[in-house]
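The structure appears right after this line, and notes come after that.
Just follow the structure's listing: the first ligand is 1, and inside any ligand the first atom is 1. For the single chain, residues carry numbers from 1 onward in sequence order.
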Amino acid sequence: MTDPSPSIAVRDVHFAYTATPVLRGLSFDLFPGAVTAIAGANGSGKSTLLELIADVRAPQNGAITRRGDVSLVLQRPDVPQTLPVTGRDTVAMGTWKRGRRMSSTDRSAAVERALRRVGMDALADRPLTTLSGGQRQRIFVAQGIARDPDILLLDEPSAGLDTASVARTQEILREEAARGATVVCVTHDDDAIGAADRVIRLEHGRVAAARAVADLR
Ligand SMILES: Nc1ncnc2c1ncn2[C@@H]1O[C@H](COP(=O)(O)OP(=O)(O)OP(=O)(O)O)[C@@H](O)[C@H]1O
């Protein structure tokens, strides 16, 4: 059953980096237990919207409220060559829950489980800088899911992944929604868009089309 109150409420959100607005009055609600795809052409504002939902940026007008703990998985974050961390260390950084670190037993179990879920347990001790782009991307997905967030936001998590890893990532998003998380995924992938419970398609700074529109305006 879907919780009737929204976990994310977006109200008349406007955003511009320059004189040209990127988002021009978006309003919609998202609910726990569903995967929402944010779709649209290059430059349509998908990543910007995700960052606004994550509270990494603030809207110039309007408001976004969110209920619960948020994990944001960025697209292929840059990793400095000198960063002395392994894949496992990187996943462990995701084990802060509402500003508090889990106990060491819980943390270690959460890290191992997340690594297994993305299929990176065997490579977890390799320095992050020596992993391929796709392997690194899976480590960052593991970091995002390690603390069982209430809200899981991902920017093109399947970009550059092989077929099996794309399928596994889709399964993970479904599993996260099934345990009650609100999952929002920016994607260009038609399969991911087709598999989502809801689709928000951005065009000219507005929601051009939304599938499963009952709770989208
Ligand atoms: N830091 C920035 N400063 C100025 N303009 C920016 C900045 N970041 C993004 N933009 C512009 O804002 C618009 C929306 O960018 P955004 O990255 O949100 O789009 P997107 O839909 O995620 O694109 P893509 O599909 O290519 O990833 C684009 O026109 C982009 O050039």
Starting from atom 2 (C) of ligand 1, find the nearest protein heavy-atom neighbour and note its residue, name and distance. Y17 CD2, 3.4 Å
Would you call R11 and D29 a salt bridge, using N to O less than 4.0 angstrom? yes
Taking N or O atoms only and a 3.5 Å limit, does G45 qualify as a polar contact for ligand 1? yes
Does Q75 have a non-hydrogen atom less than 4.0 Å from ligand 1? no
Any protein heavy atom at under 4.0 Å, with atom 27 (O) of ligand 1 as the reference point? yes
What do you think, any protein heavy atom under 4.0 angstrom from atom 9 (C) of ligand 1? yes
With a heavy-atom distance limit of 4.0 Å, tell me whether N42 approaches ligand 1 through its side chain, its backbone, both, or neither. both
Should R57 be counted as touching ligand 1, given the test is an N or O pair under 3.5 Å? no
Cationic N near anionic O, under 4.0 Å, D150 to R67: no
Work out whether the distance between some heavy atom of G40 and some atom of ligand 1 is less than 4.0 Å. no
Could you tell me whether ligand 1 has any atom less than 4.0 Å away from a heavy atom of E156? yes
Hey, are E171 and R168 close enough for a salt bridge, meaning a charged N less than 4.0 Å from a carboxylate O? yes
If you measure every N or O of G43 against every N or O of ligand 1, does any of those distances drop under 3.5 Å? yes
Between F15 and the options Q60, R24, E51, the side chain to side chain contact (heavy atoms under 4.5 Å, CB included) test singles out Q60
Quick one, R117 with E176, criterion salt bridge (charged side-chain N to carboxylate O under 4.0 Å, His left out). Give me CA distance, side-chain angles, the key distance, then yes/no. CA-CA 11 Å; R117 287 178 72 193; E176 291 296 292; 2.9 Å; yes
Within-4.5 Å side-chain heavy-atom neighbours: V118 and I172: yes
With a 4.0 Å cut-off on N to O distance, would you call E112 and R88 a salt bridge? yes
